[in-house]
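First up is the structure itself, then whatever we jot down about it.
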There are 2 protein chains.
Amino acid sequence: MTTVEQTLQALRDAGLKITASRRAIIETLAEMNRHVTAAELLEAVQARVPEIGKASVYRTLDVLVRLNVVQACTLGSTSTTYILTTAGHHHHLVCLVCHRTIEIDECLLDEATEAIGRKFGFLVEGHLVEVYGKCPDCMQTSPTQTT
Amino acid sequence: MTTVEQTLQALRDAGLKITASRRAIIETLAEMNRHVTAAELLEAVQARVPEIGKASVYRTLDVLVRLNVVQACTLGSTSTTYILTTAGHHHHLVCLVCHRTIEIDECLLDEATEAIGRKFGFLVEGHLVEVYGKCPDCMQTSPTQTT
DNA sequence: CTTGATGCAAACACTTTGCAACGAC
DNA sequence: GTCGTTGCAAAGTGTTTGCATCAAG
């Protein structure tokens, strides 16, 4: 079963309708397979089906996030990014100077979150980790920088 | 040296001016000593010095974040929150249902981030961890929820 | 005195909502 | 046929910016 089918199934399971727009949005998300902003996604979706509106993208993303098949993530700055959870789990190293982002495939705290969850009686469904720092390039360029 | 003084000193060190507005903002932040949104901070600051405008709050927060004495954090949703880094390091458990947030004092990945940093040549200066899930109350209320 | 900082309001960017029409089930 | 969903545009948020004035250094 493909990622797209899994996601459509999640909609069905929730008693929601599979519309052409939703299908296009989900297929696009699956193809992009990376963190995308709503705007990027909208553009890509419209390349496929031009008449889809931004509201549908936002509404669909909202639904998918609630169904836990899409993860929303705010990389410190401007706008939220979205990614299918089936795309796998990963975290980010964000450079404070140039804002370059490196994806880390390995998960830092599967066990730690479990432990924390138990401690607080939380059912842990996911986690977001962002590590901030200075990337190799920027360390060379500006070893000490205040302005 | 108090938190406020440390923060003011950071401004001085950066060659920036210590104005009444900035002082009020920093003092308020120190008093609140928790994650606050720009709006909350503005309100609290205006209770102290009514004529301070929102722009000054945003601009000052921006400066303080850049000086690394305030940490900005986007708890998954609406608006960014800010906290003085001197308030200590902690993470969050966020309930996906009721959006209640629990602060976790213990750090989950001091060592892990170090290792990651070395691996990618990153100078790690901080990290943000948000664990999502369902809080005890919401687990009882809605064991399975799709709508 | 110089230059950064301020307050105000207008401008912005991103997201949400109202509504009539549409289409999945 | 019902009711969830759509696209559009307008309305909301939260944040940033332009500008003349002000005050820290």
Side-chain angles (χ1 to χ4, degrees), chain A residues 7-28 35-67 70 72-82 99 146-147, chain B residues 7-28 35-67 70 72-82 99 146-147:
Chain A
T7 308
L8 292 175
Q9 191 57 49
L11 282 175
R12 258 184 225 107
D13 292 346
L16 300 171
K17 293 178 180 173
I18 312 292
T19 64
S21 300
R22 282 181 175 170
R23 191 184 295 270
I25 290 167
I26 291 166
E27 286 172 356
T28 307
H35 285 263
V36 294
T37 62
E40 285 173 326
L41 180 59
L42 175 64
E43 190 182 5
V45 163
Q46 287 184 332
R48 184 187 285 258
V49 186
E51 63 272 21
I52 291 178
K54 67 175 75 170
S56 298
V57 169
Y58 279 108
R59 282 188 280 228
T60 302
L61 284 173
D62 190 54
V63 165
L64 296 178
V65 167
R66 260 205 278 276
L67 294 180
V70 160
C73 169
T74 57
L75 272 182
S77 52
T78 356
S79 54
T80 308
T81 61
Y82 303 87
H99 299 105
T146 32
T147 328
Chain B
T7 308
L8 293 175
Q9 191 57 49
L11 282 175
R12 255 182 229 109
D13 291 347
L16 301 171
K17 293 178 179 172
I18 312 292
T19 65
S21 300
R22 283 182 173 168
R23 191 184 295 270
I25 290 167
I26 290 165
E27 285 173 358
T28 306
H35 286 263
V36 293
T37 62
E40 285 174 326
L41 180 58
L42 175 64
E43 191 183 4
V45 163
Q46 287 183 332
R48 182 187 287 258
V49 186
E51 63 272 21
I52 291 179
K54 67 174 75 171
S56 297
V57 169
Y58 280 107
R59 281 188 280 227
T60 301
L61 284 173
D62 191 55
V63 165
L64 295 179
V65 167
R66 261 206 276 279
L67 293 180
V70 161
C73 169
T74 58
L75 273 181
S77 51
T78 356
S79 54
T80 308
T81 61
Y82 302 87
H99 299 105
T146 33
T147 326

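Sequence lines set the chain letters: A, B, ... in the order given, protein chains first and strands last, and positions in each chain run from 1.
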Roughly how far, to the nearest 0.5 Å, is OH of A:Y58 from OG1 of A:T80?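 It is 8.0 Å, given to the nearest 0.5 Å.
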Rounded to the nearest 0.5 Å, how far apart are OG of A:S56 and CG of A:L61?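 Result: 10.5 Å between the selected atoms.
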Separation of [X] atom [atom1] from [N] atom [atom2], in whole Å?
X	N	atom1	atom2	result
B:K54	C:dA5	NZ	C1'	18 Å
B:R22	C:dG4	CZ	P	11 Å
A:L42	C:dT16	CG	P	14 Å
A:L61	C:dC14	CG	P	15 Å
B:L8	D:dA24	CG	P	13 Å
B:L11	C:dT3	CG	C1'	16 Å
B:E51	D:dA23	CD	P	11 Å
A:I52	D:dT6	CD1	C1'	10 Å

Identify the heavy atoms of A:V65 and A:A72 that sit nearest to each other, and give their distance.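 That closest heavy-atom pairing would be CG2-CB, 4.1 Å.
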What does B:A38 touch in the nucleic acid at a heavy-atom separation under 4.0 angstrom: a base, only the sugar-phosphate, or nothing?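 Here B:A38 touches the backbone only, sparing every base.
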Show the numbers, then the answer: is there a side-chain contact (heavy atoms from CB on, under 4.5 Å) between B:I26 and B:L11? CA-CA 11 Å; B:I26 290 165; B:L11 282 175; 3.8 Å; yes
Give a yes/no on whether any side-chain N or O of B:Y58 is located under 4.0 angstrom from OP1 or OP2 of D:dT16.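 It does not, given that no N or O in the side chain of B:Y58 lies less than 4.0 Å from OP1 or OP2 of D:dT16.
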Does C:dT15 have OP1 or OP2 sitting under 4.0 Å from an N or O in the side chain of A:T80?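 Checking A:T80 against C:dT15: at least one side-chain N or O falls below 4.0 Å of OP1 or OP2.
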Begin from the C-alpha positions of A:T7 and A:L64 and carry the test side-chain contact (heavy atoms from CB on, under 4.5 Å) through to its verdict. CA-CA 8 Å; A:T7 308; A:L64 296 178; 3.9 Å; yes
Below 3.5 Å, can you tabulate the donor-acceptor pairs from side chains in residues 16-25 of chain B to any protein atom, sequence neighbours excluded?
{"unit_1": "B:T19", "atom_1": "OG1", "unit_2": "B:R22", "atom_2": "N", "d": "3.1"}
{"unit_1": "B:R22", "atom_1": "NH1", "unit_2": "B:K17", "atom_2": "O", "d": "2.9"}

Protein-nucleotides 19-25 of chain C N/O pairs under 3.5 Å:
{"unit_1": "C:dG23", "atom_1": "N2", "unit_2": "A:K17", "atom_2": "NZ", "d": "2.9"}
{"unit_1": "C:dA24", "atom_1": "N3", "unit_2": "A:K17", "atom_2": "NZ", "d": "3.2"}
{"unit_1": "C:dC25", "atom_1": "OP1", "unit_2": "A:I18", "atom_2": "N", "d": "3.4"}

Donor-acceptor contacts, no H, no angles, side chain residues 40-47 of chain B, under 3.5 Å, sequence neighbours left out:
{"unit_1": "B:E40", "atom_1": "OE1", "unit_2": "B:T37", "atom_2": "N", "d": "2.9"}
{"unit_1": "B:Q46", "atom_1": "NE2", "unit_2": "B:I52", "atom_2": "O", "d": "2.7"}

